[in-house]
Student: 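Following this message is one structure expressed as C-alpha cells.
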4 protein chains.
Amino acid sequence: MSGPGPTPAREPALEVDLRSAVPPFEQIRAGVTALVQTGHLAPGAPLPSVRALAQDLGIAPGTVARAYRQLEAAGVVRTLRGRGTRVADSPPAPAADEVRAALAQAVRAAVAAGWDTDRIHSAVRDELDARRPD
Amino acid sequence: MSGPGPTPAREPALEVDLRSAVPPFEQIRAGVTALVQTGHLAPGAPLPSVRALAQDLGIAPGTVARAYRQLEAAGVVRTLRGRGTRVADSPPAPAADEVRAALAQAVRAAVAAGWDTDRIHSAVRDELDARRPD
Amino acid sequence: MSGPGPTPAREPALEVDLRSAVPPFEQIRAGVTALVQTGHLAPGAPLPSVRALAQDLGIAPGTVARAYRQLEAAGVVRTLRGRGTRVADSPPAPAADEVRAALAQAVRAAVAAGWDTDRIHSAVRDELDARRPD
Amino acid sequence: MSGPGPTPAREPALEVDLRSAVPPFEQIRAGVTALVQTGHLAPGAPLPSVRALAQDLGIAPGTVARAYRQLEAAGVVRTLRGRGTRVADSPPAPAADEVRAALAQAVRAAVAAGWDTDRIHSAVRDELDARRPD
DNA sequence: GTGGTCTAGACCACT
DNA sequence: GTGGTCTAGACCACC
C-alpha cells in the first residue's frame, strides 16, 4: 500500500504484555498515545469501547477504563458519556525534548550494536520513506 | 537553538523517579543497561556498591540488589563475591530488531512533532557527533 | 485588580461540565437551585422546557427531566402539566447553618490563599454591591 | 483551645456520604484538600494509611487509594512507597478565582436567606476571629 | 507494615 | 449500547 520500502507491513495493533514490569494500564496509555501521534489513529477516530478492548486484550474493563481516563486527562482523547471515546480533535504533539530523547536513545542503541554512521542514516531514511511518501 | 554545540555535556548519572508507574528496580535495571550499551560504562568497570547506590538514589538496598540480580541474569554485569559488581566483559549488544524499533519510534515522534527530513537527519548527526569523537 | 468595577457583568447562565466527576443531572439541579436562591430566577418565573434546555446544554432530555424531577421534589420548582415548569412561589431559603458553612469555607480558602482581613471584607462588599443595587 | 469566638469546636474529621451524587473518591479528595488548606493538616503531617482510612470510612481500599493518587498528582500530598502518605511540604494555595467563587457563593446564600449586610460582615468577622487570633 | 495494581462483576449515569 | 464508579480480595513492590 505504501512503497517498496524496507519496512513492510506495520499493523497498528495494541498489545499488552502481562509479564512486563510496566503495568497494563500504562502500556495501553502509551500505546494509544503512540498510535495517535503516529497518525495510525486520526483525530476524531473512535477508539474501541472499554469492554471490547478489554475482551480483546484479555484484561479487566476497569483497567482499560483507567487508561482511557488518563488519556482524556492528557488531552489525547475525548470521551462523551454514553457515546464512546474518540481521538481528540487536536491531540498534543510530542515536545522537542521528547523527540531528542527518543533519537538519542535510538542512536545510542545503534552505536552500541556496532552500526556505523552510514547504516544509521540509511535506516532513518528508510523509516521516513516508509512514512512520508503518501 | 540555545548554544552552538550539538548536544552539550551529558552526565551519565542514574536517576529514579519514585512517582513513575515503572517500579524503581526496573528503572535501575534499564538505566544501567543503557549506560553499558552506550559505553558510558565500559566492560570491566565497577558499579557502585548496592548500599552506596541505594543511599545515592534514596531507596532501599534491597531494591538495588534486585536490579543487580536481574542485570547479572541478563549477562550485563558480573558479580564476584567480595569484590563487588562489574560490567561484564562482553555485555550483550542490542539486536538489530531493537535498534530498528527504537529508530522507528524516534522517527515517528519526530514526524508527529512536525520535524522535516533535514531536521531529523541533522539531529541524528548531532547525536553521533556527541558520542563518537571522544 | 484589573478594572475598577467590583464584579462586572454576571450572566445567570447554566453550564454543565461533562468531564466533571459530578454527574450532569446534579450540576443542573445545583445550578438551578443557586439561580433561584440568588434571585436570578424569581418565584413564578418559567424555566426553559426540558427539550430546550437539553438542546442548549448539549445533553439528553432525560437528563434534564431527571434534574427537574428532583427540583420538584425539593420544592424549588413546580411542574404544571402542559404548562411547563416554573419556580415555586415560595422556594426554600437556605438554612442559617448552610450559610455559615458556606461563609466558613470561603473564609478558610481566602485565609489559605494569604488574603488579609481587609481584602476579604472588601471582596464581600463587592459581592454585595454587585447583587443588591439592581 | 482557640478563643471565645462564636464558632466553637471544629473537628477536622473526614466524612463520606455514600448516598451523595458526588462519588466517594471525590469526597475524600476534596475533603483532604480542604483540611490541608485550612491548616488542620499541616505540611509534613502523615495521613492515615489507605487501609486504615478505608476501614474508618467503611469503603474499599482502592477507593481511598484513588483519592490519594489524585491528591499526589495535584501536589497536595506526597507519597513515599512503603512509607505512607504525607501532606506535601508546600501544598498549593487556592487560586484567587476559587476564593472569589467561594465568597460569591456564600454571599449569594446569605442574601437569599435574608441576611442583611451587617449580619454578613459580622459573620465573616466571626470566622476570621475564630481562625486568626493564634 | 506501606502504597500500587489487577480482577470480576455489580450498579449508576447517560445517549 | 456507552463510560464511570465501587467492591472485595488478590498479588506485587517497597521499607
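In what follows, chains carry the letters A, B, and so on, assigned in the order in which the sequence lines appear, proteins first and then strands, with residues in each chain numbered from 1. Keep in mind the model is a prediction, meaning the values are calculated, not measured.
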Student: Any donor and acceptor pair, going by atom type alone, linking the side chain of D:Q37 with main-chain N or O of D:P92 inside 3.5 Å?
Tutor: yes
Student: For B:I59, is there any backbone N or O sitting under 3.5 Å from a side-chain donor or acceptor partner on B:T63?
Tutor: no
Student: Got C:V50 and C:Y68 here, is their nearest side-chain heavy-atom distance under 4.5 Å?
Tutor: yes
Student: With side chains defined as the heavy atoms from C-beta onward, is the minimum distance between B:P43 and B:P91 less than 4.5 Å?
Tutor: yes
Student: To the nearest angstrom, how far is D:E72 atom CD from E:dG3 atom P?
Tutor: 12 Å
Student: Rounded off to whole Å, could you give me the CZ-to-P distance for the C:R69 and E:dC14 pair?
Tutor: 11 Å
Student: Check the distance between E:dG4's C1' and B:D17's CG and give it to me in whole angstrom.
Tutor: 14 Å
Student: Tell me, for nucleotides 8-15 of chain F in 5' to 3' order, what letter each nucleotide earns: B for a base near a protein heavy atom under 4.0 Å, S for only sugar-phosphate near one, - for neither?
Tutor: -----SBS
Student: Can you tell me how far P of F:dG4 sits from CD of D:Q70, to the nearest Å?
Tutor: 13 Å
Student: Which nucleotide, in any strand shown, forms a Watson-Crick or G-U wobble pair with F:dC14, with both distances under 3.5 Å?
Tutor: E:dG1
Student: Measure the distance from CG on C:L57 to C1' on E:dC14 and round it to the nearest whole Å.
Tutor: 14 Å
Student: Between P on F:dG3 and CG on A:L47, what's the gap in Å once rounded to a whole number?
Tutor: 9 Å
Student: Roughly, in whole Å, what's the span from CZ in D:R86 to P in E:dG1?
Tutor: 18 Å
Student: Just the rounded figure in Å: distance from P of F:dT2 to CD of A:Q55.
Tutor: 12 Å
Student: Ignoring backbone atoms, establish whether D:T79 has a side-chain N or O less than 4.0 Å from OP1 or OP2 of E:dG3.
Tutor: no
Student: For B:Q55, does the CD atom sit with more than 12 other heavy atoms under 6.0 Å from it, leaving out its own atoms?
Tutor: no
Student: Are C:L71 and C:V36 packed together at the side-chain level, in the sense that at least one heavy-atom pair is separated by less than 4.5 angstrom?
Tutor: no
